[in-house]
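Residue numbers run from 1 in the order of the sequence given.
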Amino acid sequence: MRIILISDTHGRHKEVTIPNGDILIHSGDFSGRGDPYEVKDFLEWFTSQPHTNKIFIAGNHDLSFENKPAWLEDMLDKLAPNIFYLEDRLVTIDDVKFYGSPWQPEFHDWAFNLVRGPELAEKWAKIPLDTNVLITHGPAYSYLDYTIFSHQNVGCHDLLEKIQEVKPQIHTFGHIHHSYGSTYSEYTTYFNASICDERYMPTNKPLIVDLDLDTKKITDYFQAD
């Protein structure tokens, strides 16, 4: 199974060359503020991609996805059956379990923000223990979460603790544009798939992951050309 990872396109998705693959995953912040025209444009583009299945979550910029106005509910109801919007929800594709959640530590007055501690831990407690691919908008603490603005690691400690319990093969996210790339721990490979840099320019490339369907282990991962 070839999985293509992107995040934080901020309305510039049409400027990104998306590699072929079986599954395309967007980890949120596909818009500037989640306005109707932005969401419609993204969903039309996402739907047009040739991948067999497509998964996305919302990010802190996708404000309408937290409040769910009627126009958004109507758009989501009309998604094709091979497109999955995950909000604290799991979907299984070819026996691989994908779980998505948009929450992150409080950051200004954006969407899906929660105070660090019990509120966030309660969200992460919903992650099933048999999750293979975890999709969040923000990073776990100390994994591709360094921001040049405050010069510190800003990921979520409680998310890291849950990941260490679940041991997903893949954790993909974005949010911290500066820390684009990949790294790994003993059980999990982490992918910050932010396409936009700190100037909101789409300079980063999609990330490609090959997953063996029998073992659920990564056989290869690399940056798109």
Side-chain angles (χ1 to χ4, degrees), residues 4-18 23-51 53-89 91 98-115 119-120 123 135-139 145 147-149 154 156 172-180 191-207:
I4 311 301
L5 307 176
I6 59 174
S7 187
D8 294 78
T9 48
H10 292 284
R12 307 193 71 163
H13 38 269
K14 293 178 181 176
E15 301 174 50
V16 184
T17 300
I18 305 296
I23 296 180
L24 175 61
I25 298 177
H26 195 304
S27 296
D29 276 6
F30 43 81
S31 70
R33 296 189 60 85
D35 292 330
Y37 75 93
E38 295 180 294
V39 176
K40 182 176 184 290
D41 184 69
F42 168 73
L43 290 178
E44 288 177 349
W45 172 84
F46 202 59
T47 299
S48 73
Q49 298 308 302
H51 308 75
N53 290 286
K54 287 154 274 195
I55 300 170
F56 73 105
I57 67 169
N60 59 294
H61 277 255
D62 308 315
L63 292 159
S64 55
F65 278 72
E66 184 165 18
N67 297 322
K68 301 290 194 312
W71 62 262
L72 175 60
E73 293 282 13
D74 184 59
M75 287 188 192
L76 294 178
D77 286 344
K78 293 177 180 176
L79 288 176
N82 67 328
I83 301 176
F84 304 94
Y85 170 64
L86 301 184
E87 185 177 317
D88 302 317
R89 189 166 73 90
V91 63
F98 299 81
Y99 185 87
S101 181
W103 304 96
Q104 72 248 231
E106 192 173 28
F107 178 66
H108 298 307
D109 191 24
W110 293 97
F112 297 107
N113 280 198
L114 290 174
V115 176
E119 287 185 275
L120 271 171
K123 296 296 184 182
I135 309 160
T136 63
H137 182 57
D145 67 331
T147 172
I148 58 174
F149 295 115
V154 294
C156 180
T172 183
F173 52 92
H175 192 43
I176 309 301
H177 299 186
H178 174 75
S179 289
Y180 163 83
F191 298 93
N192 183 327
S194 298
I195 295 297
C196 285
D197 61 18
E198 295 296 346
R199 296 174 297 122
Y200 287 79
M201 298 295 292
T203 58
N204 297 326
K205 304 293 186 181
L207 299 172

Output the distance between atom [atom1] ([X]) and atom [atom2] ([Y]), rounded to the nearest 0.5 Å.
X	Y	atom1	atom2	answer
His26	Thr9	NE2	OG1	3.0 Å
Ser31	Tyr37	OG	OH	8.5 Å
Ile83	Leu43	CD1	CG	7.5 Å
Glu38	Leu63	CD	CG	9.5 Å
Ile55	Leu86	CD1	CG	5.5 Å

Would you find a donor on one side and an acceptor on the other, under 3.5 Å apart, between the side chain of [X] and the backbone of [Y]?
X	Y	answer
Tyr180	Lys205	yes
Lys68	Phe65	yes
Lys54	Gln49	yes
Asn113	Phe107	yes
Asp29	His61	yes

Considering all heavy atoms of both residues, which atom of [X] and which atom of [Y] are nearest to each other, and what is their separation?
X	Y	value
Thr172	Ala193	OG1-CB, 4.2 Å
Asn204	Ser194	ND2-O, 3.0 Å
His175	Gln104	CE1-OE1, 3.6 Å
Ile57	Thr136	CD1-C, 3.3 Å
Lys14	Asp41	NZ-OD1, 2.7 Å
Val115	Glu106	CG2-OE1, 3.6 Å

Taking only residues two or more places apart in sequence, or in another chain, which ones meet Thr147 in a side-chain contact (heavy atoms from CB on, under 4.5 Å)?
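Once residues adjacent in sequence are excluded, the partners of Thr147 under the side-chain contact (heavy atoms from CB on, under 4.5 Å) criterion are Phe149, Ser150, Val154, Ile176.
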Check Arg12, Glu15, His177 against Met201 for a side chain to side chain contact (heavy atoms under 4.5 Å, CB included) and give me the one that passes.
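Passing option: Arg12.
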Are the charged groups of Arg33 and Asp35 less than 4.0 angstrom apart, N to O?
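Salt bridge between Arg33 and Asp35, a charged N being under 4.0 Å from a carboxylate O: no.
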Side chains of [X] and [Y]: closer than 4.5 Å at any heavy-atom pair?
X	Y	answer
Asn82	Asn53	yes
Pro139	Asn192	no
His51	Ile23	no
Trp103	Cys156	no
Phe98	Ile25	yes
Phe112	Asp62	no
Thr17	Pro206	no

Taking ring-ring contact (aromatic ring centres under 6.0 Å, His included) as the test, write out the residues that go with Phe56, two or more places apart.
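Checked Phe56 against ring-ring contact (aromatic ring centres under 6.0 Å, His included); matches are Phe30, Phe42, Phe46, Tyr85.
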Looking at Lys40, I'd like to know if its NZ atom is crowded, meaning that more than 12 non-hydrogen atoms belonging to other residues, nucleotides or ligands lie closer than 6.0 Å.
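It does not: Lys40 NZ has 12 such atoms or fewer within range.
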Please determine whether the number of non-hydrogen atoms from other residues, nucleotides or ligands lying under 6.0 Å from atom CG of Asp109 exceeds 12.
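Atom CG in Asp109 is not crowded, with 12 or fewer foreign heavy atoms closer than 6.0 Å.
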Once the angle between the rings of Trp45 and His13 is folded into 0 to 90°, is it parallel (under 30°), tilted (30 to 60°) or perpendicular (over 60°)?
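Plane angle between 30° and 60°, so tilted.
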